[in-house]
Amino acid sequence: MAITYEPIATTTLGSATPTVTFSSISGSYTDLVLVFNGTNVTGLASTGLRFNGDTGNNYSKTEINGSGTAVSSGRDTSASAAYVGINSNISGNTIINIMNYANTTTYKTILGRGNVPGSSVIGVRAAVGLWRNTAAITSVSVTNGAYNWTAGSTFTLYGIASA
Amino acid sequence: MPILGIIASSRLAAVGDFESIATVSVGGGGAATVEFTSIPATYSHLQLRIIARTNRTAPENNDYLNVRFNSDTGNNYARHRLFANDEGTVSAVGTASIAQFYLENFTAGGSAANAFGAAVMDILDYKNVNKYKTARMIAGKDENATATGQVIFHSGLWMSTSAITSITITPGIGTTITQYSQFALYGIKEA
């Protein structure tokens with residue numbers, strides 16, 4: 001049996017930063033998993049991914065949100081990032097599965113889950129995102145679209161290999 | 001102790017915790033069935049990671065996959081799902097005594113070109129011979145257009161105490177799973 005599930009890289013911010021990027025990602029895995037834990041400097045925001053430096057409106061997502069006793073769903077169409085997680089200035093966790101990232105035939109689908117504490121903001125989110133590009137993903141950038149990530153925030157990228 | 005699925009992603013997995021058992025990449029012409037057989041009983045849990053699309057006829061843009069364990073076609077499965085689409089609909093449904101576990105939803109013949117649905121399915125304590133088997137899944141599809149996006153949580157029950165040794169996957173409404181779909185089965189080891 002092939003042994004798999006490997007950490008590729010971890011970034012712990014020493015100062016406030018708008019975007020964290022993992023680059024030169026090997027194509028030797030089946031899937032990638034991005035794990036974020038931390039905060040931004042301002043308030044509630046969505047955690048988003050961009051691939052291969054593409055800042056065009058080539059991303060979309062569908063989401064379900066829970067906040068207190070309320071539940072909602074919605075979408076982004078033709079967005080500049082796939083905002084499949086959430087974060088805030090209090091806390092935030094987002095884990096994103098980047099499926100079959102190295103293939104050059106399909107658009108890339110990602111599955112994200114995020115949560116933040118507090119009763120007055122969205123508490124949990126699950127979402128599916130799409131990057132409309134068939135290129136292999138070689139870099140992943142993590143953004144919240146509006147605010148800087150706070151010093152101390154951590155970002156880890158894992159690779160899962162297949163048989 | 002291994003932790004499953006998305007939760008597992010939040011920890012640094014020790015080398016050897018998570019092993020690739022087998023991967024099926026669907027080739028030209030598609031596949032009517034994807035099957036994993038002779039699954040070894042050397043793990044605590046299984047994880048199935050999927051991107052998929054079926055040939056369900058356009059204009060339909062979604063389809064599900066049927067999952068059965070050990071080729072059991074009896075009404076020995078149950079499921080519950082929490083569903084949301086991109087039009088603001090959120091719903092839940094449970095179904096008892098059915099002949100398969102549903103994985104919902106993936107793209108289909110009426111979907112945007114190159115768009116595939118994705119899922120991560122955890123099958124817990126799969127080799128235990130003293131209790132029924134429980135599975136959970138997160139899945140979704142998005143096509144950058146209204147009325148195409150769905151995100152779904154599932155739980156599933158197989159009412160059998162047999163150890164799971166095989167997993168069979170077939171399209172729900174379409175007849176084949178489309179080329180470039182991929183199914184990767186992993187085992188998560190116990191301490």
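Atoms considered below: every heavy atom in the structure, side chains included; atoms not considered: hydrogens, waters and symmetry mates. In this text the structure is predicted, and so the values were computed from the model without any measurement. So you know, we letter chains A, B, ... as the sequences are listed, proteins then strands, and number each from 1.
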Quiz item: In the hydrophobic clustering that connects Ile, Leu, Val, Met, Phe, Trp and Tyr at side-chain heavy-atom distances below 4.5 Å, which members other than Val41(A) occupy its cluster, ordered by chain and number?
Solution: Tyr147(A)

Quiz item: Does Val20(A) reach the side chain of Phe36(A), with side-chain heavy atoms less than 4.5 Å apart?
Solution: no

Exercise. Name the option with the most non-hydrogen atom pairs under 4.5 Å to chain B; the candidates are Lys108(A), Met99(A), Lys61(A).
Key: Met99(A)

Quiz item: Checking Thr146(B) against chain A: side chain, backbone, both or neither under 4.5 Å from a heavy atom?
Solution: both

Exercise. Using the six-membered ring wherever Trp is involved, compare the ring planes of Phe101(B) and His154(B) and label them parallel, tilted or perpendicular (cut-offs 30° and 60°).
Key: perpendicular

Exercise. May I ask you to name which of Ala115(B), Gly187(B), Gly88(B) has the most heavy-atom pairs under 4.5 Å with chain A?
Key: Gly88(B)

Quiz item: Do Ile95(A) and Val33(A) have side-chain heavy atoms sitting under 4.5 Å apart?
Solution: yes

Practice problem: Using heavy atoms and a sub-4.5 Å threshold, report which of residues 175-182 of chain B line up against chain A, by residue number. | Solution: Tyr180(B), Gln182(B)

Exercise. Would you mind listing every ring pair (Phe, Tyr, Trp, His ring centres under 6.0 Å) that reaches into residues 113-147 of chain B, with sequence neighbours excluded?
Key: none

Exercise. Could you tell me which portion of Ile50(B) (side chain, backbone, both or neither) has an atom closer than 4.5 angstrom to a non-hydrogen atom of chain A?
Key: backbone

Practice problem: Output the residues of residues 128-138 of chain A for which the shortest heavy-atom distance to chain B is under 4.5 Å, in residue-number order; output 'none' if no such residue exists. | Solution: Val128(A), Leu130(A), Arg132(A), Thr134(A)

Exercise. Identify which part of Ala127(A) has an atom lying under 4.5 Å from any heavy atom of chain B, answering side chain, backbone, both or neither.
Key: backbone

Practice problem: Counting only heavy atoms closer than 4.5 Å, note whether Ile160(A) contacts chain B via side chain, backbone, both or neither. | Solution: both

Quiz item: What about the rings of Tyr186(B) and Phe18(B), do their centers lie closer together than 6.0 Å?
Solution: yes

Quiz prompt | Residue Ala145(B) versus chain A: region with a heavy atom under 4.5 Å | solution = backbone

